[in-house]
Number of protein chains: 2
Amino acid sequence: MDQTPDIPTRNELIKYLSKYINLTEEDTNAILKDLDIRLYKKGDILIKEGEIPELCYFVFKGCVRQYFNLDGEEKTTEFYTEGQPISVFRGTNVNKKSSFFLSCLEDCVMSVGPIVPENTDIDPKFITLCKTAAEDELCRTQETLAMYRLTNPEERYLELMKTKPELITRVPQYYLASYLGIKAESLSRIRRRLTKKT
Amino acid sequence: MDQTPDIPTRNELIKYLSKYINLTEEDTNAILKDLDIRLYKKGDILIKEGEIPELCYFVFKGCVRQYFNLDGEEKTTEFYTEGQPISVFRGTNVNKKSSFFLSCLEDCVMSVGPIVPENTDIDPKFITLCKTAAEDELCRTQETLAMYRLTNPEERYLELMKTKPELITRVPQYYLASYLGIKAESLSRIRRRLTKKT
DNA sequence: AAAACTGATTGACTTTGGTTAAGAAAGGAA
DNA sequence: TTCCTTTCTTAACCAAAGTCAATCAGTTTT
């Protein structure tokens, strides 16, 4: 969890932010100056089920896994990799506790920031950025959910091969399986079926 | 599509907005004064796949179905009912076209507003409202997606009975089926299985 | 009333996924 | 290297979902 002054890494965040808002030279410098970059070890846990989230993250390097503990079984529901923000929102009417775990699947480099509190005096430009980023993320999540309702596990695996092929080799298959909504044995069978088809 | 001055109906919108922001008396009056409330007929289509969304909606009365047309088959992915906003976001890096249809399952009363354009001079209070609402919606959608990865169709049907029981009687079952990620015949069997269990 | 249409159910059969249990393969640690 | 742990694969069996086709019930149309 040391502080590192890695310039090319930091530019990734600027690139991400630039998708959502026009940044002046000063903006960029201000952001980079105050950036809190931390190193995490494989296995480090960022938050546990039931804890109240205080931080949000941006992944520069590594992979973070989001999961639930259901009847003693870990159910993986998301992976966050390079260039992705981890938005640990506090739902407005929901209780403020996290409903899942976040843990590092690999050694990670991430920037860490406080969750923006309501009713604080913040640069309106930053609020607009958050609004756009949240809408963008919402749009993407809605489409993923729709895709889920429309496809079977095999189709979802093929989709994953197309959109995030690196995950397949990077992540243990039994984590991937619950991410695809199936058991590890079924994923193994799907993989065999597919190799036979070619 | 007439204009209607239905006061109790309008208060629903205020109630929704109040979840996200403190509204003064003036705010409330300003919002209610300019409200564009329209009536839609059963079967009316709000937007088609490929069209560029210009409006967003808030449902006062009725039910709107969101669906895709996949290989000639309609796949239902969402229902919007009383008190729900229909946020037709334009993803930032995605193309601006809608990827789905929206059509009225019943006669509907909705308020209609333009999608907020970027870089316009807008009350910062309103931006904050949008940010919070989007984050809240995102939080909810992420949890729905996680639930989807974790459960089988029967469990999802039971969950639906708990959370939105009115949908089950209100909506044709073959629409419900694809919403649950299965075929109409399978939903019918699940229902039979469940009645036998009791 | 008869015909047409829409939506739900059922049956027979196939395919796929869950379960349980046993091994095989790969990667680290001693 | 050997041992051990982690991860992946396979098999056998069962339950559930998909497919195709027929039927039924309830509406609406003519």
Side-chain angles (χ1 to χ4, degrees), chain A residues 41-43 63 65 67-68 70-77 79 103-107 147-161 165-198, chain B residues 41-43 63 65 67-68 70-77 79 103-107 147-161 165-198:
Chain A
K41 286 275 163 214
K42 175 176 177 172
C63 181
R65 180 173 70 102
Y67 62 99
F68 294 76
L70 226 74
D71 334 307
E73 229 182 326
E74 279 184 8
K75 303 283 194 170
T76 299
T77 51
F79 299 101
S103 113
C104 299
L105 270 183
E106 310 168 356
D107 291 351
M147 188 271 275
Y148 239 78
R149 300 190 140 123
L150 266 44
T151 58
N152 62 31
E154 179 171 324
E155 291 165 330
R156 296 201 281 264
Y157 180 75
L158 289 169
E159 179 68 18
L160 187 69
M161 293 211 317
E166 71 293 351
L167 268 191
I168 292 175
T169 47
R170 191 170 179 179
V171 157
Q173 278 187 49
Y174 60 98
Y175 290 151
L176 268 187
S178 60
Y179 180 72
L180 293 169
I182 53 177
K183 302 283 161 179
E185 297 90 332
S186 297
L187 177 53
S188 188
R189 276 190 290 229
I190 287 174
R191 286 159 60 87
R192 186 173 33 150
R193 267 202 319 258
L194 290 175
T195 55
K196 278 182 182 169
K197 277 184 185 169
T198 45
Chain B
K41 286 274 163 213
K42 176 176 177 174
C63 180
R65 180 173 70 102
Y67 62 98
F68 294 76
L70 227 74
D71 334 305
E73 228 182 328
E74 278 184 11
K75 303 283 194 173
T76 299
T77 50
F79 299 102
S103 108
C104 299
L105 270 184
E106 310 168 355
D107 291 352
M147 187 273 275
Y148 239 78
R149 298 189 141 124
L150 267 43
T151 58
N152 63 32
E154 180 171 322
E155 290 164 330
R156 296 200 282 265
Y157 180 74
L158 288 170
E159 179 68 17
L160 187 69
M161 293 210 318
E166 72 292 352
L167 268 192
I168 293 175
T169 49
R170 191 170 178 179
V171 157
Q173 277 188 47
Y174 61 100
Y175 288 152
L176 269 187
S178 59
Y179 180 72
L180 293 169
I182 53 178
K183 301 285 161 178
E185 297 92 327
S186 297
L187 176 54
S188 186
R189 277 187 220 121
I190 287 173
R191 287 159 60 88
R192 185 173 35 152
R193 266 198 324 256
L194 290 175
T195 55
K196 278 182 183 167
K197 276 183 185 169
T198 45

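Note that these values count all heavy atoms, side chains included, but never hydrogens, waters or copies made by symmetry. Numbers restart at 1 for each chain; the letters A, B, ... are given by sequence-line order, proteins then strands.
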Quick one, B:L150 with A:S178, criterion side-chain contact (heavy atoms from CB on, under 4.5 Å). Give me CA distance, side-chain angles, the key distance, then yes/no.
CA-CA 7 Å; B:L150 267 43; A:S178 60; 5.7 Å; no
Please test A:L187 against A:Y157 for side-chain contact (heavy atoms from CB on, under 4.5 Å), starting from the C-alpha separation and ending with a verdict.
CA-CA 8 Å; A:L187 177 53; A:Y157 180 75; 3.6 Å; yes
B:Y67 and B:Y175: CA distance, side-chain angles, deciding distance, side-chain contact (heavy atoms from CB on, under 4.5 Å) verdict:
CA-CA 9 Å; B:Y67 62 98; B:Y175 288 152; over 6 Å; no
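One interatomic measurement links the two molecules: CG of A:L187 to P of C:dG18, which rounds to 11 Å at whole-angstrom precision. Residue B:I182 contributes atom CD1, which lies 15 Å from atom P of C:dG17 at whole-angstrom precision. When the P atom of D:dA17 is taken as reference, atom CG of B:N152 falls 6 Å away, rounded to whole Å. The CD-C1' distance, from A:E155 to C:dG17, rounds to 15 Å in whole Å. D:dA17 atom C1' lies 13 Å from atom CG of B:L180, rounded to whole Å. Rounded to whole angstrom, the span from the CD atom of B:E73 across to the C1' atom of D:dG18 amounts to 11 Å. A:R189 has its CZ atom 14 Å from the P atom of D:dC14, to the nearest Å. A:L176 places its CG atom 11 Å from the P atom of D:dT9, with the value rounded to the nearest Å.
Considering CG of B:L160 and CD of B:E155, their distance stands at 13.5 Å, rounded to 0.5 Å. The distance from the CG atom of A:L194 to the CD atom of A:E154 is 4.5 Å, given to the nearest 0.5 Å.
At a cut-off of 3.5 Å, with distance as the only test, a side-chain donor of B:R149 or A:Y148 sits close to an acceptor on the other residue. Side-chain contact annotation: B:T76 with B:R65, donor-acceptor N/O pair under 3.5 Å present.
Note on the helix from C:dA1-D:dT30 to C:dA30-D:dT1: terminal axis deviation equals 30°, with five pairs used at each end and the result rounded to 10°.
Of the possible polar contacts, none joining the B:D107 side chain to the B:K41 backbone as a donor-acceptor pair under 3.5 Å is found. B:T151 places a side-chain N or O within 3.5 Å of a backbone atom of B:M147 that can act as its donor or acceptor partner.
Each of D:dT19, C:dT19, D:dA17 was ranked by its minimum atom distance to the side chain of B:K183; first place goes to D:dT19.
At the phosphate of D:dT10, neither OP1 nor OP2 sits under 4.0 Å from any side-chain N or O atom of A:R193. Remark: A:R192 is in phosphate contact with D:dT10, judged by side-chain N or O atoms under 4.0 Å from OP1 or OP2.
When all heavy atoms of B:M161 and B:I168 are compared, the closest pair comes out as CG-CD1, 3.3 Å. Considering every non-hydrogen atom in both A:L167 and A:L176, the closest pair reads O-CD1, 4.2 Å.
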Just the table, please: protein N/O against nucleotides 21-23 of chain D N/O, every pair under 3.5 Å.
none

Protein and nucleotides 6-8 of chain D: nitrogen or oxygen contacts under 3.5 angstrom:
{"from": "D:dT7", "atom 1": "OP1", "to": "A:Y174", "atom 2": "OH", "distance (Å)": "3.2"}
{"from": "D:dT7", "atom 1": "OP2", "to": "A:Y174", "atom 2": "OH", "distance (Å)": "2.1"}
{"from": "D:dC8", "atom 1": "OP1", "to": "A:Q173", "atom 2": "N", "distance (Å)": "2.9"}
{"from": "D:dC8", "atom 1": "OP2", "to": "A:Q173", "atom 2": "N", "distance (Å)": "2.7"}
{"from": "D:dC8", "atom 1": "OP2", "to": "A:Y174", "atom 2": "N", "distance (Å)": "3.3"}

